[in-house]
Amino acid sequence: MASLNVGNLGEYLREQRRAAQLSLRQLADATGVSNPYLSQIERGLRKPSADVLQQVAKALRISAETLYVRAGILDEREREELETRAVILADPSINERQKSVLLQIYDSFRRENGYAPAPDTEADAEVGSDTKAGADAEAGSGAEAAPGPHVQAGPDADAKEHHDPHS
């Protein structure tokens, strides 16, 4: 069999497996993928599917997206976008609505800079467009958020704007 050009995927997997101190047999047991098939991937004889790569990534505790890029399944820029989204979605310190708002803002910045949003975020953007005012209010409702320059907070706000011209 001729070696396939899969972006040095096999070499990278071998390095990651060895760094994890796993034998091919142990990795096969952890992934449910046969030992001979994993060996062929490492030697560059087979190009694995995204599902197989995901199982291997999980067993090695590495990013599946990194493997997708090395296998030529995913573009580097797409990987970075997916990882950014994954970090936002995994953050336990913000609620689901805040995550949605943050992803909408992220998409708008990407569009402004000439990048299209990921295909699976188009529906999120459409849903969010109906509630943009609510999203803006939600995004700025935290105690940490500083009011914008046009907002005056506190009971004296009116007194500062309307002064007595006779004083």
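Reckoned from all heavy atoms, side chains included, excluding hydrogens, waters and symmetry mates.
Between Arg85 and Tyr106, the closest heavy-atom pair is NH2-CD2, 3.9 Å. For the residue pair Gln21 and Gln26, the shortest heavy atom distance occurs at O-OE1, 3.8 Å. Across Leu9 and Ala71, no two heavy atoms sit closer than the pair CD2-CB, 3.8 Å. Across every non-hydrogen atom of Ala30 and Ala59, the tightest pair is CB-CB, 3.9 Å. Across all their heavy atoms, Ala28 and Ser34 have their closest contact at CB-C, 4.0 Å. The two atoms that bring Ile105 and Ser108 nearest to each other are O-OG, 2.7 Å, heavy atoms only.
Checked by atom type, the side-chain pair Arg43/Ser39 shows a donor-acceptor distance below 3.5 Å. The closest side-chain donor-acceptor pair between Gln104 and Ser100 falls under 3.5 angstrom. Ser49 and Asp51 share no donor-acceptor pair across their side chains, judged by distance under 3.5 Å alone.
Contact annotation: the side chain of Tyr68 approaches that of Gln54 to within less than 4.5 Å [non-hydrogen atoms, C-beta and beyond]. Residues Arg17 and Val56 have side chains not in contact (no heavy-atom distance under 4.5 Å, counting atoms from C-beta outward). Two residues are said to be in side-chain contact when any heavy atoms from C-beta on lie closer than 4.5 Å; Leu82 and Leu74 meet this criterion. The side-chain heavy atoms of Thr31 and Val52, taken from C-beta on, include no pair separated by under 4.5 Å. Counting heavy atoms from C-beta on, the side chains of Leu13 and Leu67 come closer than 4.5 Å.
Rounding to the nearest 0.5 Å gives a distance of 11.0 Å between OH of Tyr37 and CG of Leu45. Note that the CD atom of Glu112 and the CZ atom of Arg110 stand 12.5 Å from one another [nearest 0.5 Å]. Once rounded to the nearest 0.5 Å, the distance linking CG of Leu24 with CG of Leu38 reads 6.0 Å. Atom CD1 of Ile88 is separated from atom NZ of Lys99 by 10.0 Å, given to the nearest 0.5 angstrom.
In this structure, Arg18 does not pair ionically with Glu15, as no charged nitrogen and carboxylate oxygen lie closer than 4.0 Å.
In terms of the side chain to side chain donor-acceptor pair (under 3.5 Å) criterion, Gln55 has no residue partners (sequence neighbours excluded). Remark: Asp75 engages no residue in a side chain to side chain donor-acceptor pair (under 3.5 Å) (not counting sequence neighbours).
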task: Start with the C-alpha gap between Leu22 and Leu60, add the side-chain angles, then the distance that decides, and say whether side chain to side chain contact (heavy atoms under 4.5 Å, CB included) holds.
output: CA-CA 9 Å; Leu22 293 174; Leu60 294 175; 3.9 Å; yes

- prompt: Where do Leu89 and Leu103 land on the side chain to side chain contact (heavy atoms under 4.5 Å, CB included) test, with the steps shown first?
  reply: CA-CA 9 Å; Leu89 292 171; Leu103 288 172; 3.6 Å; yes

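No donor-acceptor pair closer than 3.5 Å links the side chain of Lys47 to the backbone N or O of Gly72. For Asn8 (side chain) and Glu11 (main-chain N/O), no donor-acceptor pair under 3.5 Å exists by modelled atom type. A distance-only check finds no donor-acceptor pair linking the side chain of Glu83 to the backbone of Glu80 [under 3.5 Å].
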